[in-house]
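Each remark here refers to the structure printed beneath this line.
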2 protein chains.
Amino acid sequence: MAYRETDKVRSRKAQTFDKILVAALYVVAEQGFNSVQMADLAKRAGVATGTLYRYFPSKEALCTEVFQRATDVEVSKVQQALAETSGNGAERIAAALRTFAERALRAPTMAWALIAEPVDPTVDQARLDYRQRYARLFELAIHDGIRDGSLPEQNAQLSSTALVGCIAESLVGPLAPARSQEVNSPEQTRSAALIIAPIVNFCLQGLTGRPYEEKFHD
Amino acid sequence: MAYRETDKVRSRKAQTFDKILVAALYVVAEQGFNSVQMADLAKRAGVATGTLYRYFPSKEALCTEVFQRATDVEVSKVQQALAETSGNGAERIAAALRTFAERALRAPTMAWALIAEPVDPTVDQARLDYRQRYARLFELAIHDGIRDGSLPEQNAQLSSTALVGCIAESLVGPLAPARSQEVNSPEQTRSAALIIAPIVNFCLQGLTGRPYEEKFHD
């Protein structure tokens, strides 16, 4: 009879997988991908190094999984902002860009790791894939905006990638490790707004061809 | 007496270095960084593999050198477009963006390699450095535009990084290997313009907050 995993075994495996992943997410959020060390991580997760390698055959595989899990959350937040914000297409896009930037500035090391940290090519490839996912979300919203009259006719596909590049690249500087600090206090929230407003303005003006003045959202 | 390189030795070394670099530039322009194989490259350059490794201790070192040489050319073309285009700040920025995009679409594989190909972290790091160089060029031009009245007051530093992100990211799709083709014929030039115009429009609208309509430059 072939070996079959019992529910109990499956559940224990899933728990171990999650323990490792959570430990890795912490390390990346605190110090970035380049601080992930397999032996150190096994210790944090409370598993043997050999066990860690059974779940993730390489550091690259583990980092790619971390990237995907963390970015899935960010993509879903952007998606949620686009879906749940009331208003026209342009307003919903502004809200989504604001959400993306605010979340990035609140967890700058993680955001830096996800957006720009020099890493293994497998993570780079995942970045390209996820940027397409962001772009597709924005593309749909741009079409909505064209339909509801809040955006002029345009090549929605190119505009959507322009948005993704614009928001990601303009956050790279403010997120870079040397300058980064967690955004928690009211002062920091205001200073984050000073970064976010010009980025949202640029993006919305790019889309609409009209002056746009981002309001401060305290 | 310490060994001193004669001029002849130095010149021979420089020639070997250049032969290797030129061969590597060809490979990257044709197939991207991931097709660089040290042994194959040594053969193309007409040197022994051991010699190649004396000049470039690793594939990463060689790829980083290729990246820097090729990107230096692109940076200087953008710089030249900014410096030599007549007109106000906004017009000079439009010309520089057009130059960047046209050159990228004319050599799509090389441009893809330089901008987006998943590659070693040392090249990734060089990408970050060079994007800052592009951003600084645009930042100066934005200040010029604010002074000459062609651009409204804005955070020139954030707008400059927004421009860099926008132009790079919106070209990633059109440059991706599956879709890429050399732009040589008049039809291809027109189809390149169909990609470039919306990107330049978005960028200039982002900067000015006014409608911008890129003219076709055949």
Side-chain angles (χ1 to χ4, degrees), chain A residues 33-34 64 101 112 115-129 131-132 134-135 139 142 152-174 176 194-213, chain B residues 33-34 64 101 112 115-129 131-132 134-135 139 142 152-174 176 194-213:
Chain A
F33 285 115
N34 285 300
T64 305
W112 160 258
I115 294 173
E117 186 185 357
V119 285
D120 193 78
T122 55
V123 176
D124 259 356
Q125 182 57 56
R127 273 188 189 137
L128 289 176
D129 299 339
R131 281 173 175 233
Q132 285 191 4
Y134 281 118
E139 189 178 345
I142 292 170
E153 276 296 337
Q154 60 197 288
N155 181 325
Q157 198 244 315
L158 281 174
S159 291
S160 71
T161 55
L163 282 183
V164 172
C166 175
I167 186 90
E169 186 71 19
S170 52
L171 284 171
V172 166
L194 289 177
I195 295 165
I196 295 169
I199 301 175
V200 175
N201 291 349
F202 185 99
C203 288
L204 267 287
Q205 292 182 170
L207 288 173
T208 63
R210 289 194 297 270
Y212 184 89
E213 187 90 45
Chain B
F33 285 115
N34 285 303
T64 304
W112 160 259
I115 295 173
E117 185 186 356
V119 71
D120 191 78
T122 56
V123 177
D124 259 356
Q125 181 59 54
R127 272 187 189 137
L128 289 177
D129 300 338
R131 281 173 175 232
Q132 285 192 4
Y134 282 117
E139 188 178 347
I142 292 170
E153 276 296 338
Q154 60 197 287
N155 182 325
Q157 198 245 313
L158 282 173
S159 292
S160 71
T161 55
L163 283 183
V164 172
C166 174
I167 185 91
E169 186 72 20
S170 52
L171 284 171
V172 166
L194 290 177
I195 294 165
I196 295 170
I199 301 175
V200 175
N201 290 349
F202 185 99
C203 288
L204 267 285
Q205 292 182 169
L207 288 172
T208 63
R210 289 193 296 270
Y212 185 87
E213 188 89 46

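Chain A is the first sequence line, chain B the second, and so forth, proteins listed ahead of strands; every chain is numbered from 1.
- Ranked by non-hydrogen atom pairs under 4.5 Å with chain A, the options B:R131, B:Q205, B:R210 are led by B:Q205.
- If you measure heavy-atom distances from B:A168 to chain A, you find no contacts under 4.5 Å at all.
- A:P121 and B:P118 get closest at one heavy-atom pair: O-CB, 3.4 Å.
- Heavy-atom distances place the side chain of B:L128, and not its backbone, under 4.5 Å from chain A.
- Chosen from B:P198, B:C203, B:C166, B:A126, the residue pairing most often with chain A at heavy-atom distances under 4.5 Å is B:C166.
- Using a 4.5 Å cut-off on side-chain heavy atoms (C-beta onward), B:E169 and A:E169 make no contact.
- Residue contact with chain B, scored on non-hydrogen atoms closer than 4.5 Å, is absent for A:L204.
- Heavy atoms of B:I167 lying under 4.5 Å from chain A are absent altogether.
- Contacts between B:I195 and chain A at a heavy-atom distance below 4.5 Å involve backbone atoms as well as side-chain atoms.
- For the set B:V164, B:T208, B:D124, the count of heavy-atom pairs under 4.5 angstrom toward chain A peaks at B:D124.
- Looking at heavy atoms from C-beta onward, B:V172 lies out of side-chain contact with A:T161 at the 4.5 angstrom threshold.
- Only the backbone of B:D120 comes within contact range of chain A, with at least one heavy atom under 4.5 Å from a heavy atom of that chain.
- Between atom CG of residue B:L171 and atom CG of residue A:L158 there is a gap of 8.5 Å, rounded to the nearest 0.5 Å.
- In terms of heavy-atom proximity, B:A162 sits nearest to A:S170 at N-CB, 4.0 Å.
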